[in-house]
Amino acid sequence: MHTFGKVLAVLSVVALVAAEVYFEETFKDDSWEKNWVQSEHKGVEYGKFVRTAGKFFNDEENDKGLQTSQDARFYAMSAKFTPFSNKDDTLVIQFSVKHEQNIDCGGGYLKVFDCKVDQKDLHGDSPYLVMFGPDICGPGTKKVHVIFSYKGKNHLINKDIRCKDDVYTHFYTLVVKSDNTYEVLIDNEKVESGSLEEDWDFLPPKKIKDPEAKKPEDWDDRATIADPDDTKPEDWDKPEHIPDPDATKPDDWDDEMDGEWEPPMIDNPEYKGEWKPKQIDNPNYKGVWVHPEIDNPEYVEDKDLYLREEVCAVGLDLWQVKSGTIFDNFMITNDVEAAKKAAATFKDTQEGEKKIKEAQEAEERKKAEEEAKAAEADKDDEDLDDEEDEENTLGEATEVEDEGHDEL
């Protein structure tokens, strides 16, 4: 084997060994109940998660996940795993979300924690490392949250990433690289990417406006000025409204009773508006003054913005008005390809879900039509019975009347 080939072989082995799946949960059986801890934070009535594939699915067993089951509830549950650091490595966070209930307002995101998280006391203010996933509330909020904790403060991404708002399963993937770049994918399709430093306000700006610099007093930033040689025409000033020359005093107008008659006012066709001198190019125009910038003395580069020294737990900590969301396919890894392979199932899953849902809707329509027909038939029978009752009543009345005539 050539030296180059040997090097490639060694690198391949190293890459294979380096690939690691730190956490994976697909809820294939009831063992999840031993791994996930329900929060018991005081003062909160938490909703219950149930393991189910929901009302429509591709494979009922494989598609089972944790579903929110009670409306207008907080939910808080987490699972710990062997701690790791993503130093000089890639961090991939991935999971699937299915808003089966056609969610109107509620979270669909996860949170990643270090080992200090108190699972029994998990709540909305519990410190986290990363918050990632969809959030929907009305037509105005349909976004993917990407929030990082940095030096004790949570920082939201400066970009707007739209989430999926249908009722089918979607995979959400966050990739954080050691070169301080990131990618957000939905169903294995990249929807956003960029630099951690540029797209979050982790650090002060590199440049700031020079506090010592001021616009010179003689700086003229007017592109045009009034023509000093332009004068207002002598016949310019005309009133905006004039008495209607065609108006006549009504015959029944009584000056003593109605007061002195005055014709109504109309727009003056000769009115030209407020006179303004024409504009000409300003010979002293120097352009827009740009405030000079200097290096920000408070800015300090941080090449470890990506770094999370201790990744130890993942959890669902959210609120939902209408329950029914199914969370599944959790994966935390450094292997981008492994995550892509796991998410590649979304096509089959969605196709299966749509097929069953369409069949269910067709069955519901059929049932509704049958019920409507049955109701219409019942109404026709009732109308017929009413007609027969009227005929019987009329017949009885006629017989009584005839008997009366016979007696007479």
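Just so it is clear, the values below take in all heavy atoms, side chains as well, and ignore hydrogens, waters and symmetry mates.
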More than 12 heavy atoms of other groups within 6.0 Å of Lys322 NZ: yes

Heavy-atom pair with the smallest gap, counting every atom of Trp32 and Asp29: CD1-O, 3.2 Å

Output field: ring centroids Phe95/Phe330 closer than 6.0 Å: yes

Neighbour count above 12 (heavy atom, 6.0 Å) for Lys80 NZ: yes

Distance under 6.0 Å and angle within 45° of ring axis: Lys354 vs Tyr168: yes

Lys347 atom NZ, over 12 foreign heavy atoms within 6.0 Å: no

Within 6.0 Å of NZ in Lys164, more than 12 heavy atoms from elsewhere: no

Aromatic ring proximity, centroids under 6.0 angstrom, Phe202 and Tyr150: yes

Residue pair Asp328 / Gly65: nearest heavy atoms and the distance that separates them: CG-CA, 4.0 Å

Check: Tyr46 ring centre within less than 6.0 Å of Tyr75 ring centre: no

Within the 6.0 Å centroid threshold, strictly below: Trp219 and Tyr285: no

Heavy atoms from other residues, nucleotides or ligands near NZ of Lys286 exceed 12 (cutoff 6.0 Å): yes

Nearest non-hydrogen partners of Gly194 and Asp199, listed with the distance: CA-OD2, 3.8 Å

Greater than 12 external heavy atoms within 6.0 Å of Lys272's NZ: yes

Proximity of Tyr22 and Phe84 rings by center, below 6.0 Å: yes

Contact summary for Cys163 and Asp135, nearest pair of heavy atoms: SG-O, 4.2 Å

Whether over 12 other heavy atoms sit under 6.0 Å from Lys341 NZ: no

4.5 Å side-chain heavy-atom contact, Trp236 and Lys238: no

Greater than 12 external heavy atoms within 6.0 Å of Glu189's CD: no

